[in-house]
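Whatever order the structure lists them in is the order used to number ligands and atoms, beginning at 1. Note that the numbering runs from 1 along the sequence shown for the chain.
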Amino acid sequence: MASNVFTGVVDLIPEPRHVTAYGANWFALGPGTGLAAGEGAERTERWLRATLGAATGLPLASKESSGDDVIRLSIHPMVTKDLGAEGYRLAVMPTGVHLVGGGPAGLFWGAQTLRQLLGPGAFRRAPISGSWRLPLIHVQDSPRFRWRGLMLDVARHFMPKEGVLRYLDLMAAHKLNVFHFHLTDDQGWRVEIKRYPKLTETGSWRARTKFGHRASPLWEEKPHGGHYTQDDIREIVAYAAERHISVVPEIDVPGHSQAAIAAYPELGNTDVIDTTALSVWDNWGISPNVLAPTDNTLRFYEGVFEELLGLFPADAAEFSAFFHIGGDECLKDQWKQSPTAQSRIKELGLADEDELQSWFIGHFAKWLSARGRRLIGWDEILEGGLPDGAAVSSWRGYEGGVAAARAGHDVVMCPEQQVYLDHRQAAGADEPVPIGYVRTLEDVYRFEPVPPELDEQQRGRILGAQANVWTEVMEDHARVDYQTFPRLAAFAEVAWSRLPAPGERDFAAFEHRMAAHYPRLDALGVAYRPPAGPRPWQRRPGVPGRPVDGPPPNK
Ligand code: ACM
């Protein structure tokens, strides 16, 4: 392992597979340091010049790869063979740097390591010092999981485009590569659909918002809203792809759809309630107002998806062929009461409302598959039968993921008991709007995505893991930062770094490396939760969370 001279400098997060440091010596970057980029290195070259160039004030001009004082970027089949397309080797020598990727993505992740080695100043947007040096070091690295995801709920509280681009940068800095973009819910529809303008005219804002969790008596008495234009989405997808991040959009159906029904009342169960009286929901929970299982609804959403497929090209990045259609928490009360839904159940020869939901999801699985796409949904899509080729986000625990893997489906592990970052991160009364379980930095660090009961082949179905950020009680980007960090750094290590020994992680060593990581987060302007607890302005005294009284739930 690294020698003490470099303490704080080679404290990398996520921890690489192998690090060898060569004594107290350095390679200094200066105005003459150049970049020599081979084929496939274009994105990393652009990123280094733009990001490290801004932080250091150095030109990092193009240079021949022979000579000294060069950062060489290349892709080599030996690295691909040994470490995979996302692996890399980084060698810092007195004369320059060799960064070799197994593929373009590996090279990019190697560049993230290089940035950490330069110190916290490398995370700023303008230089605050004139001295930039790298320790002489050799790193060999590759990820444990292919899918290293972050889900952001921009429906409950809208995050303007600038904030999303910032989160893509924060993900890249932690070697995370899937941005699950939760674009629609009962409380808001956040993406422009040209053929259905009311989705955003009506569906993207609400008149007021519950402040605190459901049982809170408080209201934020002002309109809340916002949406991404189609050009905003194109920009977000391209910005992500430049960083080897796949954007997986989620349009949640057939539940969590009240905002869409408020915009187009005919999408709801009009034979059960007066859907013209609905508005975008201003409270939290699970709305009973779900989509009607009619041909009209299917055609409407095919229209929505047709526009979205154009905005989220399948080849943008590794997992861009995936399209998330939700499927969670669809209350069936209205379908039980609806003559239209009941006659659909009869006509299709289905057993019950669960099978009706399965038919609904199956329709879109086939529709997406015919267009070269893959459906992914929350683990409720297992109920009533899972369509061929569909993948599952296992959120209610490990069980859904285990069942899906055993049935030969791909799985992303994101159990709410472990990696829902909306849940409080300490037991104290100072936590802002505390909800759900207490999940500390250490708890997240000890999350193990692969359930032990799976055999070798079934384990291969675990694509990876994802942390989910639901924003009911996060009204702005500082609140999102507070809930997300530092726990996302622990999650990044879970998703990227191998276990040092089976079933074990060394939290003390992680905490030691975190001491070097907080200054990087400070330089990036991340409003994380400090280890000692929230700063005064990070608290929300008097705003009730969940449960309102009594201790937080244990499991
Ligand atoms: C979920 O948390 N409803 C997926």
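With hydrogens left out, the protein atom closest to atom 3 (N) of ligand 1 is D328 OD2, 2.7 Å, a heavy atom.
Taking only nitrogen or oxygen atoms, main chain and side chain alike, Y420 reaches within less than 3.5 Å of ligand 1.
Every residue two or more places apart in sequence or in another chain that forms a side chain to side chain donor-acceptor pair (under 3.5 Å) with E235 is listed here: K161.
Of the residues R529, R424, R540, R539, the one that meets the salt bridge (Lys or Arg N to Asp or Glu O under 4.0 Å) test with E431 is R529. In summary, of the residues considered (R214, R208, K210), a salt bridge (Lys or Arg N to Asp or Glu O under 4.0 Å) with D282 occurs for R208 alone.
By the 4.5 Å heavy-atom criterion applied to side chains, F305 and E302 are not counted as neighbours.
Interface of W470 with ligand 1, defined as ligand atoms under 4.0 Å from a residue heavy atom, comprises 1 (C), 2 (O), 4 (C).
Contacts of E329 with ligand 1, taken as heavy-atom pairs under 4.0 Å, involve the side chain alone.
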